[in-house]
Student: 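Sending over a structure as structure tokens; questions will come in a sec.
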Amino acid sequence: MNSFSIAIPNDRAATYRIVTFIVLSLNFFGFGYIFLQSQHTFSSAIAVVAIVFNAAPWIYYLINNKHLQSPAIEITGIASAFIWMYFGNYFLGMLLLLFTAFGYFANKKKAISFSEEGISYPSFPEKKYSWEDVSHVILKDDILTIDLKNNKLIQINVIESPLGLIDTQDFNAFCARMLESHSAISS
């Protein structure tokens with residue numbers, strides 16, 4: 001096998017979900033206020049649509065008792081942003097679009113990729129380490145350890161591979177081969 005992909009926990013996803021629920025609540029009450037203050041029937045109807053859009057994820061969460069990890073939350077954010085812009089609040093609409101875009105990236109599943117070219121670490125921006133920069137890599141007892149030559153140590157609890165379980169021996173042998181072949185080249 002020429003490459004491996006190992007899924008790692010996304011620590012920021014839980015924080016993003018909490019902030020998302022706060023933003024949904026603020027949108028819900030903001031559109032509710034617009035509905036109560038609106039004299040124009042078309043604006044009232046749009047405010048009701050926005051209220052329903054922002055209440056739907058809450059209802060889904062309460063019924064299924066699961067965290068929101070579907071693209072529906074991004075759709076809600078985009079729709080709410082355009083509705084805020086319709087009501088003339090362009091700054092809030094753009095801020096909500098920006099928040100939704102960051103949320104899309106924050107909720108992506110994270111995986112470290114190991115290939116013959118090197119190691120790709122999922123950060124923003126993505127970090128790439130060549131095998132020449134690495135002293136040692138080992139996967140043991142669901143803990144991935146990457147020891148870099150600049151004395152930086154990366155240790156991560158592994159979830160599992162996106163394509164199924166990784167054979168630890170094959171992975172460790174692959175990394176040892178890559179390290180050996182690249183240390184021979186640099187010598």
Side-chain angles (χ1 to χ4, degrees), residues 1-24 57 61 64 66-81 91-187:
M1 183 177 272
N2 294 332
S3 66
F4 290 89
S5 183
I6 299 176
I8 60 173
N10 188 351
D11 299 331
R12 295 182 183 148
T15 304
Y16 173 73
R17 281 192 292 270
I18 291 169
V19 173
T20 299
F21 281 124
I22 292 169
V23 169
L24 286 174
Y61 176 76
N64 292 323
K66 295 181 181 176
H67 295 291
L68 296 175
Q69 293 179 346
S70 68
I73 197 69
E74 279 83 16
I75 293 169
T76 299
I78 292 169
S80 295
F91 177 73
L92 189 57
M94 294 304 288
L95 194 63
L96 194 55
L97 281 176
L98 188 64
F99 174 75
T100 303
F102 281 133
Y104 173 75
F105 291 110
N107 272 336
K108 288 179 97 172
K109 294 190 186 282
K110 291 186 163 195
I112 300 177
S113 300
F114 295 84
S115 67
E116 292 179 1
E117 289 79 35
I119 301 169
S120 295
Y121 186 81
S123 61
F124 187 76
E126 183 178 57
K127 292 181 185 174
K128 295 190 184 265
Y129 300 105
S130 67
W131 288 107
E132 289 85 15
D133 299 333
V134 179
S135 328
H136 192 68
V137 176
I138 190 164
L139 176 62
K140 183 176 181 184
D141 297 329
D142 293 332
I143 297 176
L144 175 65
T145 303
I146 303 171
D147 186 10
L148 301 173
K149 288 184 179 174
N150 65 0
N151 289 332
K152 183 176 180 183
L153 183 69
I154 301 171
Q155 282 192 316
I156 301 169
N157 288 329
V158 173
I159 299 173
E160 68 178 43
S161 160
L163 302 173
L165 296 175
I166 287 184
D167 184 355
T168 306
Q169 289 178 337
D170 285 347
F171 173 77
N172 288 334
F174 170 78
C175 290
R177 267 194 325 274
M178 291 295 105
L179 290 169
E180 186 178 308
S181 68
H182 288 285
S183 68
I185 293 171
S186 63
S187 296

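The model shown is predicted, which means the values in this text are computed figures rather than measured ones.
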Student: Can you find a heavy atom in the side chain of Phe102 that is under 4.5 Å from one in the side chain of Val19?
Tutor: no
Student: Test side chain to side chain contact (heavy atoms under 4.5 Å, CB included) on Leu144 and Val137 and set out the steps.
Tutor: CA-CA 7 Å; Leu144 175 65; Val137 176; 4.2 Å; yes
Student: I need the Lys128 NZ to Ser120 OG distance, nearest 0.5 Å.
Tutor: 3.5 Å
Student: When rounded to the nearest 0.5 angstrom, what is the spacing between OG in Ser135 and CG in Leu153?
Tutor: 9.5 Å
Student: Enter the distance from Ile156:CD1 to Ile146:CD1 here, rounded to the nearest 0.5 Å.
Tutor: 6.0 Å
Student: Just checking Glu126: does its CD atom have more than 12 heavy atoms from other residues, nucleotides or ligands closer to it than 6.0 angstrom?
Tutor: yes
Student: Please list, chain by chain and in numerical order, all residues satisfying salt bridge (charged side-chain N to carboxylate O under 4.0 Å, His left out) with Lys127, sequence neighbours excluded.
Tutor: none
Student: When rounded to the nearest 0.5 angstrom, what is the spacing between OG in Ser3 and CD1 in Ile119?
Tutor: 13.0 Å
Student: To the nearest 0.5 Å, what is the distance between OG on Ser115 and CZ on Phe174?
Tutor: 6.5 Å
Student: Using the side chain to side chain contact (heavy atoms under 4.5 Å, CB included) rule, take Asn157 and Ile143 through it: C-alpha gap first, then chi angles, then the decisive distance, then the call.
Tutor: CA-CA 5 Å; Asn157 288 329; Ile143 297 176; 3.5 Å; yes
Student: How about CG on Asn150, more than 12 heavy atoms from neighbouring residues, nucleotides or ligands closer than 6.0 Å, or not?
Tutor: yes
Student: As an exercise, state the distance from CG of Leu139 to CZ of Phe114, rounded to the nearest 0.5 Å.
Tutor: 8.0 Å
Student: Leu96 and Ser80: which non-hydrogen atoms are nearest, and at how many Å?
Tutor: CD2-CB, 3.5 Å
Student: Please identify which of these residues, Gln155, Lys140, His136, meets the side-chain hydrogen bond (donor to acceptor under 3.5 Å, both in side chains) condition with Thr145.
Tutor: Gln155
Student: Minimum heavy-atom separation for Pro122 to Ile8, with atom names?
Tutor: CG-CD1, 3.8 Å
Student: Would you indicate whether the side-chain heavy atoms of Ile78 and Leu97 approach each other to under 4.5 Å?
Tutor: yes
Student: For Asp133, which residues count as a side chain to side chain donor-acceptor pair (under 3.5 Å) partner, sequence neighbours excluded?
Tutor: Ser130
